[in-house]
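Sequential numbering from 1 along the given sequence is applied to the chain's residues.
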Amino acid sequence: MKKSVAILFAFIISQFQAQQGPYYQQAAKYKMNIDVNAEKFTYTGNQTLEYTNNSPDELKVVYFHLYWNAFKPNSMMDQRVANQGKNGDSRLQKDGISRLASIPKDQEGTQNIHWIKQNGKDLKFEIQETIMKVYLAEPIKPNSTTTFTMDWDAVIPQQIRRSGRNNKEGVDMTMTQWYPKIAEYDYDGWATFDYVGREFHAPFADFDVTIKINKDYVIGAGGILENPAEVKGYDPNAKIKAEKNKTIWRWTAKNILDFAWSADKDYIVKSFDVPQGPKVFFVYQNNDKTKVWEQAQPYVTKYFQLMNSHFGKYVYPTYAFIQGGDGGMEYGMCTMILGEAKDIQGLMGLMAHEGAHSWYQQMLATNEPMRPWMDEGFTSYAETFVMSQLFPEDLPNPFAKSVDGYRNFIKKGIEEPAVWFGDHHDNGTSYSYASYVKGELYLVQLGYIMGEQNLAETLKQYYDQWSMKHPSDRDFLHIAQKVSGMDLKWFQNYWINTTKTIDYGIKDVKYDAKSTTITLVNKGQIPMPIDFSVMTTDKKIITYQIPMNMTHTWKEKDAYGEFKTIPYWPWTQKEYTVIVPYTKAQLAVLGIDFSQRIADVNLEDNFVEVK
């Protein structure tokens, strides 16, 4: 009996230790040789992949992503778009009809895997839509490395979303998520999300990519061009080396999530150095529709300086803004964006968002298919912050527009929880608000709850502790709670896992001979601490912080001004009374949150003008 108890106790301890074990992440090294037939929009490829299993688990299968298999009629992406109709992504459908359904047969995205080997041994594999499952000849033991070799050919698809040929701005080839890419493996298992339109996840990897293509093409890519003097566009003194009318481009990159490139005969390349890095490349078609790019250099320089100082230093040596796809999409050390902007603010808004993904999705490589709000939301927060510095507006805070946009969206009654997986949202607009807007406002609300200085410190420590890793929301929340000393689990649960809303109001005001009594009411489902302010007739603003007891520690300071802390408001209590030592004659305005950060869905009863 004692022996059985000991065995059971040992098992429990081992399970606890497994769950609380040290952090690990997988590693990969790709060496590729690519030969492009630009006339037919096809290419052949072979790659050697060194894959290191740093997990404590023995792996008996591995998975690869074959994203281009989505771009054909009756693919899962096509089916999803057709089922969503007009509620789906507007870039994938027109009038509710899937654009993928009409892709011609010769323009379907195709990745034909000829063979794959492990340490020279042929492997069995099966294609499951955009996922390739590979059965290993020998398990990959913990802390060991194996080598895969692979040969394939591909058809570059009609440009529908991000990747493809001849997009609407006339770029010949946008080569994104274009190669068989090994899936990420971590404590949650294999990240084998089918590609049905949203985002990506991958292990950090090194790349050595050789591309053979018609000599008239210029390539833009994320990485280091190793032979600029032998190809077109990068070196004014280049001597183009061509064999059978093709040049060879060699690109390398270290510790990035993916390698993306784009090719066009009309590209020009401009570059400049940001003080303390990186070297920035603009790769775009030089025509009347792209003239605004000529204004961008000083803005991009200041952009990287602001990002480096506020969110952590960009670690890679280069970054490329490439006129490549539809909208904008981030990749390792580069982004593909639409290039035909109307003005510099529009172009910089796109550059600021996609560039900020180098922090929130690339260096801080969260699993975006699982937690899109951490990627798109944190990126949107950084974009709003930096754009407010580049193009100042007369607003109480730079996030007021985002709060107002969320408030207006809620009235539509179609909100979906931010916790949902990105591809599993039923409505395209709801996905955007859940991921971009609620993710951004997650940080805005934290700044309101804990104070902006604590939020800035949280973001700094998040970068310091988790850059070049794969953090989760639990990791971020742990830092936020440590910095602030507050319990914040309640807020994350409400804001991310539910569609409940914040709605506080001023229910009643009574003016007495020497004071004024205000009754506040919580009409919403999300409890919050409240900053209640009065403005006197001589324009002084006095703010009272009403803590909420679930935080257990109160905000001590905030960038939006000094305040006096008064007794807390229990989250179970509907009403709260504030007595201020001012008469009616001394008061001009009473209100909840003069900073306009709290995402209250109804402002009509948040302010009282004293008359």
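- Counting only N and O atoms by type, the side chains of Thr379 and Tyr436 include no donor and acceptor under 3.5 Å apart.
- In this structure, Arg161 fails the cation-pi test against Phe71, since its NZ or CZ atom is not both closer than 6.0 Å to the six-membered ring centre and inside 45 degrees of the ring normal.
- Asp206 has no carboxylate O lying under 4.0 Å from a charged side-chain N of Lys31, or vice versa, which leaves the two without a salt bridge.
- In this structure, Lys133 is not positioned above the aromatic face of Tyr63 in the sense of NZ or CZ being under 6.0 Å from the six-membered ring centre and within 45° of the axis.
- The aromatic rings of Trp359 and Tyr314 are tilted relative to each other, their planes meeting at an angle between 30° and 60°.
- No side-chain donor-acceptor contact under 3.5 Å links Gln177 and Ser163.
- Under a cutoff of 6.0 Å and an axis angle of 45°, Lys438 and Trp495 form a cation-pi pair.
- Tyr30 has its ring centre less than 6.0 Å from the ring centre of Tyr179.
- A ring-centre distance under 6.0 Å is found for Phe204 and His470.
- Outside the 6.0 Å centre-distance limit, the rings of Phe193 and Tyr195 are not counted as a close aromatic pair.
- Note on ring orientation: taking the six-membered ring where Trp is involved, the planes of Tyr319 and Phe321 are perpendicular (angle over 60°, cut-offs 30° and 60°).
- Val134 has its side chain out of reach of Val61: every pair of non-hydrogen atoms, C-beta onward, lies at least 4.5 Å apart.
- Classified by interplanar angle (parallel below 30°, tilted 30° to 60°, perpendicular above 60°), the ring pair Tyr284/Trp293 is parallel.
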